[in-house]
Amino acid sequence: MRLALAEAARAREAGEVPVGAVLVMDGEVVATGFNQPIASHDPTAHAEVVAVREAARRVGNYRLTGSTLYVTVEPCLMCVGAMIHARVGTVVFGAPEPRAGALGSSIAAHEAPGLNHRLQVVAGILESECRDVMQRFFRERR
């Protein structure tokens, strides 16, 4: 999660909402990502999607079976969908996102009937640090 927090700092420095993600396979970091929809003019360029895309390129397969994705903030519905399609094994997140979090806060998208893949979810890792990064960012913007 500390590496994901470093990615969140990169997003903040770029003027983006400070969310960071790190994808690990077989104990090795395969890809990292930070929020960049503003700079890339791409609404799908959330930290999680950036990391999943990079990992798929590096591995040479769109299926990331058995991987673990660490992300500083609870993923949104779009990101959960991408993780399910990529067959990410486990998602570990820091701070819950009460309005848009799709792993339990606003919806439990990973538990939708009919899905052919299930994500394991671990919540609250370095939660206060992850929350502080977001709160500080939005306080400074207001």
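The residues of the chain are indexed from 1 along the displayed sequence. As the structure is a computational prediction, the values presented were derived from the model and not from experiment.
Linking ILVMFWY side-chain heavy atoms closer than 4.5 Å, directly or via other members, places Leu23 and Phe93 in a single hydrophobic cluster. Phe138 is not connected to Val133 by any chain of hydrophobic side-chain contacts under 4.5 Å among Ile, Leu, Val, Met, Phe, Trp and Tyr, and they are in different clusters. Val91 and Val49 end up in different hydrophobic clusters when Ile, Leu, Val, Met, Phe, Trp and Tyr side chains are linked at under 4.5 Å. Taken together through direct or relayed side-chain contacts under 4.5 Å among Ile, Leu, Val, Met, Phe, Trp and Tyr, Val52 and Leu103 form part of one hydrophobic cluster. By the rule that hydrophobic residues join a cluster once side-chain heavy atoms approach within less than 4.5 Å of another member, Met83 and Leu3 end up as members of separate clusters.
Taking CE of Met1 as the reference point, atom SG of Cys130 lies at 5.0 Å (rounded to 0.5 Å). With rounding to the nearest 0.5 Å, the separation of CG in Leu115 from CD1 in Ile84 is 4.5 Å. Rounded to the nearest 0.5 Å, atoms CD (Gln120) and NE2 (His110) are 8.5 Å apart. The CG atom of Leu5 lies 13.0 Å from the CZ atom of Arg12; values are rounded to the nearest 0.5 Å. Rounded to the nearest 0.5 angstrom, Glu7 CD and Thr32 OG1 are separated by 3.5 Å.
Looking at every heavy atom in both residues, Pro98 comes nearest to Ser106 through O-CB, 3.9 Å. The minimum heavy-atom distance between Ser40 and Ala45, with the atom names listed, is OG-CB, 3.4 Å. Residue Glu16 comes nearest to Ala39 through the heavy atom pair OE2-N, 2.8 Å, listed as atom of the first residue, atom of the second, then distance. The minimum heavy-atom distance between Gly33 and Ala51, with the atom names listed, is N-CB, 4.0 Å. Between Ile38 and Gly15, the shortest heavy-atom distance links the atoms CD1-O, 3.8 Å.
Sorted by first and then second residue, the pairs that involve residues 46-61 and meet salt bridge (charged side-chain N to carboxylate O under 4.0 Å, His left out), not counting sequence neighbours, are Asp42-Arg53, Glu54-Arg57, Glu54-Arg58. Sorted by first and then second residue, the side chain to side chain donor-acceptor pair (under 3.5 Å) pairs with a member in residues 74-86 read Glu74-Ser105; sequence neighbours excluded. Within the structure, salt bridge (charged side-chain N to carboxylate O under 4.0 Å, His left out) pairs that include any residue of residues 76-105 do not occur (at least two apart or interchain).
Using a distance-only test at 3.5 Å, with no hydrogens or angles considered, a donor-acceptor pair links the side chain of Asn35 to the main chain of Val17. Between the His117 side chain and the Val88 main chain, a donor and an acceptor come within less than 3.5 Å of each other.
Within a 6.0 Å radius of CD in Glu140, other residues, nucleotides and ligands contribute more than 12 heavy atoms.
Contacts of Val122 classified as side chain to side chain contact (heavy atoms under 4.5 Å, CB included), with partners at least two apart in sequence or in another chain: Thr90, Val92, Ile125. Legend: residues meeting side chain to side chain contact (heavy atoms under 4.5 Å, CB included) with Tyr62, ordered by chain and number and at least two apart, are absent.
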Side-chain donor-acceptor distances from residues 65-72 under 3.5 Å, at least two apart:
residue: Ser67; atom: OG; partner: Leu64; partner atom: O; Å: 2.7
residue: Thr72; atom: OG1; partner: Gly20; partner atom: N; Å: 3.2

message = One pair to check against side chain to side chain contact (heavy atoms under 4.5 Å, CB included): Glu129 and Arg2. What are the steps and the verdict?
response = CA-CA 10 Å; Glu129 288 180 52; Arg2 297 241 181 254; 2.6 Å; yes
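Between Arg10 and Glu13 no salt bridge is recorded (no basic side-chain N to carboxylate O distance below 4.0 Å).
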